[in-house]
Every structure is written in structure tokens, then in C-alpha cells.
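To keep things clear, I will list the structure first and then write my remarks on it.
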Amino acid sequence: MSLESVRQFFAERAPEIDIIELAESTATVALAARAHHVTPGQIAKTLSLKVKDRVILIVTRGDARLDNRKLKQALGAKARMLSTDEVVNWTGHPVGGVCPFGLENPLQVYCDVSLQGFTEVLPAAGAIYSAVRISPQQMAELTEAKWIDVCQPPQ
């Protein structure tokens, strides 16, 4: 169902973007980078967080880590990661397939500025074996994301 909601999202908003489906899992940054023959930084990982009483998504480069100080400053409060069940309930996507497209519930999406260093990134597409190739700018436009700086630079 989740992959289908992403498929419908792109059919309606960006039919030129193809969903890539692989036989192997791409549920982690390392698996996805290897399967798609890209650097880990090009994998756009989507993090599901709760800030006060709202759930948000933050899309970052795959090799970046959240900076809690920057996160609190940008969002005005501490954030916590959602549990696996909460992720599925809020996004409609399984952990490892979470993306900002075709969401079960309307959620505010943020894109970390670290993604802007790439011309193309690969976020998941609603399943642990699917992804799309997309520019960070188009991803932000399609999801009405706000750009923020909440990550530590990659090591």
C-alpha cells in the first residue's frame, strides 16, 4: 500500500519521475548506497520526529547526523524519534521505506541544507526496496518542504 501511495503521488505531481524497484533491500543507507552505486551522502534519509505535539519529517543526506542543539534552535523544542509503530501510523510507510511522498497523514517536511550539495539524491519510495532519483530542489518543491540547517557536517 505504501509503495502504491508513492506511485500515485508521482503520477499526479511528477509523472516523469520513475520509481526504482530492486530485488534487494535498501532499508539502510549503506544497503541503498551499494545497491544504487552512489555515495552514502546521496541517499536522502527521512527521519520521523515528534516536536512538542506535532510530528514532522526531516530529510537529510545519508551520512549526516542530526545536531540536537541546531535541531532545538530551529524547531523551538527538543525532538524525539518516533517508534516503529508511530512511524508506520503517521507516514503509512515502513521503517526503511519512509519518504516524504505519499504520506498517510499531512506532515510538515523539512529538508536539511546538506542535501543542496548534490544535484541528485535517492530517497526511499515507500518500501524497503524502492527509491527515486530526484534533485533536492524538486523534492523540496513537491513536498512543500522548508530548508533548515539541523545536521552535523559528515565526518
Side-chain angles (χ1 to χ4, degrees), residues 1-6 9-10 19-20 22 24-36 38-118 120-134 136-155:
M1 185 62 158
S2 184
L3 176 60
E4 288 308 312
S5 69
V6 174
F9 177 92
F10 282 109
I19 294 176
I20 304 162
L22 301 176
E24 72 245 52
S25 172
T26 56
T28 67
V29 169
L31 289 172
R34 188 169 35 252
H36 294 289
V38 297
T39 66
Q42 281 183 271
I43 301 302
K45 65 182 175 184
T46 303
L47 305 172
S48 308
L49 304 170
K50 185 156 191 175
V51 180
K52 292 187 179 177
D53 61 346
R54 64 190 182 119
V55 173
I56 64 166
L57 299 179
I58 299 180
V59 186
T60 73
R61 58 184 285 157
D63 58 358
R65 295 179 55 110
L66 285 177
D67 181 315
N68 289 326
R69 183 186 54 76
K70 286 182 174 182
L71 191 62
K72 185 176 180 182
Q73 185 176 8
L75 301 175
K78 285 180 78 171
R80 75 163 177 84
M81 299 292 280
L82 296 185
S83 70
T84 300
D85 288 342
E86 288 174 314
V87 169
V88 174
N89 289 337
W90 279 98
T91 68
H93 304 319
V95 172
V98 177
C99 62
F101 319 112
L103 297 168
E104 180 78 21
N105 296 287
L107 299 174
Q108 174 64 62
V109 177
Y110 295 92
C111 288
D112 186 73
V113 295
S114 64
L115 291 168
Q116 294 174 339
F118 299 103
E120 181 180 75
V121 294
L122 285 98
I128 63 167
Y129 53 85
S130 66
V132 295
R133 288 182 178 268
I134 190 169
Q137 291 71 26
Q138 186 178 20
M139 178 173 60
E141 288 168 15
L142 287 172
T143 61
E144 299 179 14
K146 295 179 183 175
W147 289 100
I148 57 174
D149 180 8
V150 293
C151 286
Q152 301 170 1
Q155 300 300 325

Taking all non-hydrogen atoms of both residues, which atom of [X] and which atom of [Y] are closest, and how far apart?
| X | Y | value |
| --- | --- | --- |
| D63 | G41 | OD1-CA, 3.4 Å |
| H93 | V87 | O-CG1, 3.9 Å |
| P123 | M139 | CG-SD, 4.0 Å |
| L22 | A35 | CD1-CB, 3.6 Å |
| K52 | A77 | CE-CB, 3.6 Å |
| P94 | S2 | CD-OG, 3.9 Å |

Mind running side chain to side chain contact (heavy atoms under 4.5 Å, CB included) on I134 and V121 for me, showing each step along the way? CA-CA 6 Å; I134 190 169; V121 294; 4.2 Å; yes

Pairwise distance [atom1]([X]) to [atom2]([Y]) - rounded to 0.5 angstrom:
| X | Y | atom1 | atom2 | value |
| --- | --- | --- | --- | --- |
| L57 | L47 | CG | CG | 8.5 Å |
| E120 | H36 | CD | NE2 | 10.5 Å |
| K45 | L122 | NZ | CG | 15.0 Å |
| C111 | E144 | SG | CD | 12.0 Å |
| E86 | M81 | CD | CE | 11.0 Å |
| I128 | L3 | CD1 | CG | 11.5 Å |

Tell me, do [X] and [Y] make a side-chain contact under 4.5 Å, heavy atoms counted?
| X | Y | result |
| --- | --- | --- |
| P136 | R61 | no |
| I43 | V38 | yes |
| S130 | V6 | no |
| L66 | L49 | yes |
| C151 | D67 | no |
| T91 | L82 | no |
| V150 | Y110 | no |
| L71 | I58 | yes |

Can K50 and W90 be said to form a side chain to side chain contact (heavy atoms under 4.5 Å, CB included), step by step? CA-CA 11 Å; K50 185 156 191 175; W90 279 98; 5.6 Å; no

Using modelled atom types only, decide if a donor and an acceptor are shared between the side chain of K78 and the backbone of N68 within a distance under 3.5 Å.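 Answer holds: no.
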
Would you confirm whether T26, through its side chain, and A32, through its main-chain N or O, come within 3.5 Å as a donor-acceptor pair? no

Under 6.0 Å from the CD atom of E24, do we count more than 12 heavy atoms belonging to anything else shown? yes

Could you check whether atom CZ of F9 has more than 12 heavy atoms from other residues, nucleotides or ligands sitting under 6.0 Å from it? yes

Please step through side chain to side chain contact (heavy atoms under 4.5 Å, CB included) for the pair L75 and I56, ending with a clear verdict. CA-CA 10 Å; L75 301 175; I56 64 166; 3.4 Å; yes

Under 3.5 Å, is there a donor on one side chain and an acceptor on the other for S114 and D112? yes

